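Just so we're clear, the structure is a prediction, and the values are computed from it rather than from any experiment. Naming convention: chains lettered A, B, ... in sequence-line order (proteins, then strands); numbering from 1 in each chain.
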Number of protein chains: 2
Amino acid sequence: MKKDYSQYIKHLIAVDCIIFGFDGENLNLLLVKRNFEPKKGEWSLVGGFVNAEETLDDSANRVLTSLTGLENIYLEQLKCYSELEREPTARIISVSYYALISTDENIRINEKYSAKWFDLKQFPNLIFDHNKMVQNAVTRLRYRASTQPIGFELLPEKFTMKDLQSLYEVIFDEKYDKRNFISKINSMDILVKTDEKDMTSSRKGSFLYRFDKEKYHKKLSQGYLFKI
Amino acid sequence: MKKDYSQYIKHLIAVDCIIFGFDGENLNLLLVKRNFEPKKGEWSLVGGFVNAEETLDDSANRVLTSLTGLENIYLEQLKCYSELEREPTARIISVSYYALISTDENIRINEKYSAKWFDLKQFPNLIFDHNKMVQNAVTRLRYRASTQPIGFELLPEKFTMKDLQSLYEVIFDEKYDKRNFISKINSMDILVKTDEKDMTSSRKGSFLYRFDKEKYHKKLSQGYLFKI
DNA sequence: CCAAAAGTGTTACTCATACACCCATGA
DNA sequence: TCATGGGTGTATGAGTAACACTTTTGG
C-alpha cells in the first residue's frame with residue numbers, strides 16, 4: 001500500500017518576523033505599515049509567504065533581507081499560528097520568527113515597506129494575532145537571553161559594560177547593581193577587554209569589550225552553561 | 001490594492017506527536033510501525049495531515065485520540081520542520097507536538113497503528129527527521145518540567161513521593177537526595193497528602209499525594225513561580 | 001525478630017545580594 | 001578645581017547540598 005497524498009488539502013503558509021533592536025536605552029520593534037487590504041494602513045509584523053523551494057528559515061531570511069538589506073541576521077523560529085479565523089480573507093497558517101539586529105549593522109530599510117522602529121514599551125496595536133506573536137517573542141527572548149549569550153547580537157561588536165548592563169536591564173525589565181553585574185559578567189570569562197575606550201559618554205571614557213565567540217564555544221564544549 | 005493570494009503556492013502540512021509515558025521507572029515513547037510506503041515497517045512518530053477546518057492543535061488532538069482513545073491529553077506545540085527533502089516522496093512541512101500520558105489513564109491503543117511503548121533510553125531508529133524531533137522534545141520537556149508542574153501529567157492522580165522523585169530523576173537523568181527532594185516539594189505547598197497508602201511497595205506502606213491544581217493556580221496568580 | 005522501604009533535621013557551604021567610595025579627565 | 005561617569009571589594013543572608021538513623025510491619 002502506498003500513501004496517496006493527493007487526497008490531503010494544502011495550505012498557505014507564511015512567516016512573520018518580530019524584529020528586535022536595541023538603541024542603548026530601549027528595546028525596539030521594527031514594524032511595517034500595510035499597503036494592501038485587508039487592514040491597509042495599519043501596523044504589522046513584516047512577513048511573507050513560503051515558496052515551493054524554500055524552508056521556513058529561508059523564507060524568514062528572505063523577508064528580513066528584503067526589508068533591511070542585512071544578511072546573516074540572528075533568527076529563531078518561535079511558533080506556528082493556525083487559528084481558522086486568524087486572517088479574515090484566507091486560511092493562512094503562519095510561523096513566527098524573532099530576529100535580533102545589532103545597532104552597528106549597516107541597516108538600510110527598504111522604502112517600499114514604510115517600516116519604522118517603535119519602543120517595545122509603546123508600539124501601536126497590530127493586525128490579526130500579531131500582538132500575541134510579539135508577546136510570545138518577548139517571553140522567548142527573555143528565556144534565550146537568560147540561558148544563551150544572544151544579548152551580543154543586539155549590541156555593536158564593541159560595547160561598554162554599561163551598554164551590556166542597560167541591555168539586560170531592559171530585556172528583563174529589572175535594575176541591577178553595577179558591581180554585581182560586572183563581577184558576574186567577568187566571572188563568565190567570555191569577554192575580551194579591548195584597549196579602546198568609548199569617550200562619548202564621559203570625560204574619563206569607558207573601556208570597550210568584545211564577546212569572544214571562540215572562547216565561549218570552547219567553554220561550551222567543556223560543559224560550561226551560560227546563565228544570567 | 002488588494003492582495004491576490006492565488007499566486008502563492010500551498011503546502012501539505014502534517015503534525016507529528018512525541019508521546020511520553022512514565023511507568024514508575026522509565027520514561028517511555030509511544031511509537032507506531034509504518035504500514036505504508038515509503039519506509040513501510042519502520043518505526044515512526046504518529047502523525048497526520050492537517051485538514052481544512054482544523055487548527056494544528058486540533059490535528060494533533062485528533063491524531064492522539066485516534067491512537068490512544070484518550071481525550072484531553074496534555075499537549076504542547078514544539079517546532080515546525082520544513083527541510084525540502086525531509087520526506088522523500090513529497091514536500092511536507094511538519095509541526096511536532098509532545099504529549100504527556102498518565103499511567104493510570106485508561107489507554108486503549110488502536111490496533112491499526114501497531115503501536116508500542118519503548119524506553120526513551122533505547123528506542124529504534126526512526127524515519128525521516130523523527131529522531132531529531134524526539135531529541136528536541138526531550139529538551140523542551142526538561143525545560144517545561146523545571147518551570148511548570150507538568151510532571152503530574154505523567155503520574156496517576158495519586159502517587160507516592162518516591163514516584164514523584166523517580167519521575168524527576170528520570171526526566172533530568174540525575175539522582176536526588178530523598179530528604180532534600182521531599183522538603184523541596186513540601187516547601188512548594190502544592191500537594192495534598194491523602195490518608196491512603198500504597199501498600200504494594202513495602203510492608204509499612206507509603207502515603208499517597210495528589211497535586212492540588214486549584215491551590216497551584218491560586219498561588220500562581222499571587223506571583224508564585226514553580227521551580228525544581 | 002528480621003528484612004525492607006518509609007520517614008524525618010541539622011550542619012556546612014556556596015552563591016546572590018546589598019552597599020559606598022575613589023579615580024580619571026575635560027572643561 | 002570641579003563635575004561627571006567609570007571603576008572597584010567586602011560582609012551578610014538565603015538557599016542548596018551533604019549526610020544517617022529510627023519507624024513500621026508482614027512474613
In whole angstrom, what separates B:Lys184's NZ from D:dA14's P? 18 Å

Distance in angstrom units between B:Ile185 CD1 and D:dG15 P, rounded: 17 Å

Can any side-chain N or O of B:Asp163 pair as donor or acceptor with the backbone N or O of B:Thr160 at less than 3.5 Å? yes

Tabulate atom names and distances for all N/O pairs under 3.5 angstrom spanning the protein and nucleotides 20-24 of chain D.
from, atom 1, to, atom 2, distance (Å)
D:dA20, N1, B:Arg179, NH1, 3.3
D:dT23, O2, B:Lys204, NZ, 3.0

Candidate list B:Thr147, B:Leu220, B:Ile190, test side-chain contact (heavy atoms from CB on, under 4.5 Å), partner B:Phe226, passing option: B:Ile190

Whole-Å distance separating the CZ atom of A:Phe181 from the C1' atom of D:dG9: 18 Å

Round to a whole Å and report the spacing from CG of A:Asp177 to P of D:dT10. 15 Å

What is the separation between atom CG on A:Asp163 and atom P on D:dG6, rounded to the nearest whole Å? 9 Å

Determine, for A:Tyr209 and A:Lys193, whether the Lys NZ or Arg CZ falls below 6.0 Å from the six-membered ring centre while staying within 45 degrees of the axis. no

Examine distances only and state if a side-chain atom of A:Arg210 and a backbone atom of A:Leu191 form a donor-acceptor pair shorter than 3.5 Å. no

What residues form a salt bridge (Lys or Arg N to Asp or Glu O under 4.0 Å) with B:Lys227, not counting sequence neighbours? none

Reading DNA chain C 5' to 3', which nucleotide is the first, and which the last, to come under 4.0 Å of any heavy atom in chain A? C:dT17 to C:dA27

Rounding to an integer number of Å, can you tell me how far B:Met199 CE sits from D:dG26 P? 6 Å

In terms of side-chain geometry, is the basic nitrogen of A:Glu76 or A:Arg140 positioned less than 4.0 Å from the acidic oxygen of its partner? yes

If I take atom NZ in residue A:Lys193 and atom C1' in nucleotide D:dG6, what distance separates them, rounded to the nearest angstrom? 10 Å

Does B:Lys178 make a cation-pi contact with B:Tyr176, if we ask for NZ or CZ under 6.0 Å from the ring centre and within 45° of the axis? no

Test the A:Lys121-A:Phe123 pair against the cation-pi criterion, namely NZ or CZ under 6.0 angstrom from the six-membered ring centroid and within 45° of the ring axis. no

Apply salt bridge (charged side-chain N to carboxylate O under 4.0 Å, His left out) to B:Glu42 and B:Arg34, showing your working. CA-CA 6 Å; B:Glu42 296 192 35; B:Arg34 297 266 284 195; over 6 Å; no

Starting from P on D:dG15, measure out to CE on B:Met188 and report it in whole angstrom. 14 Å

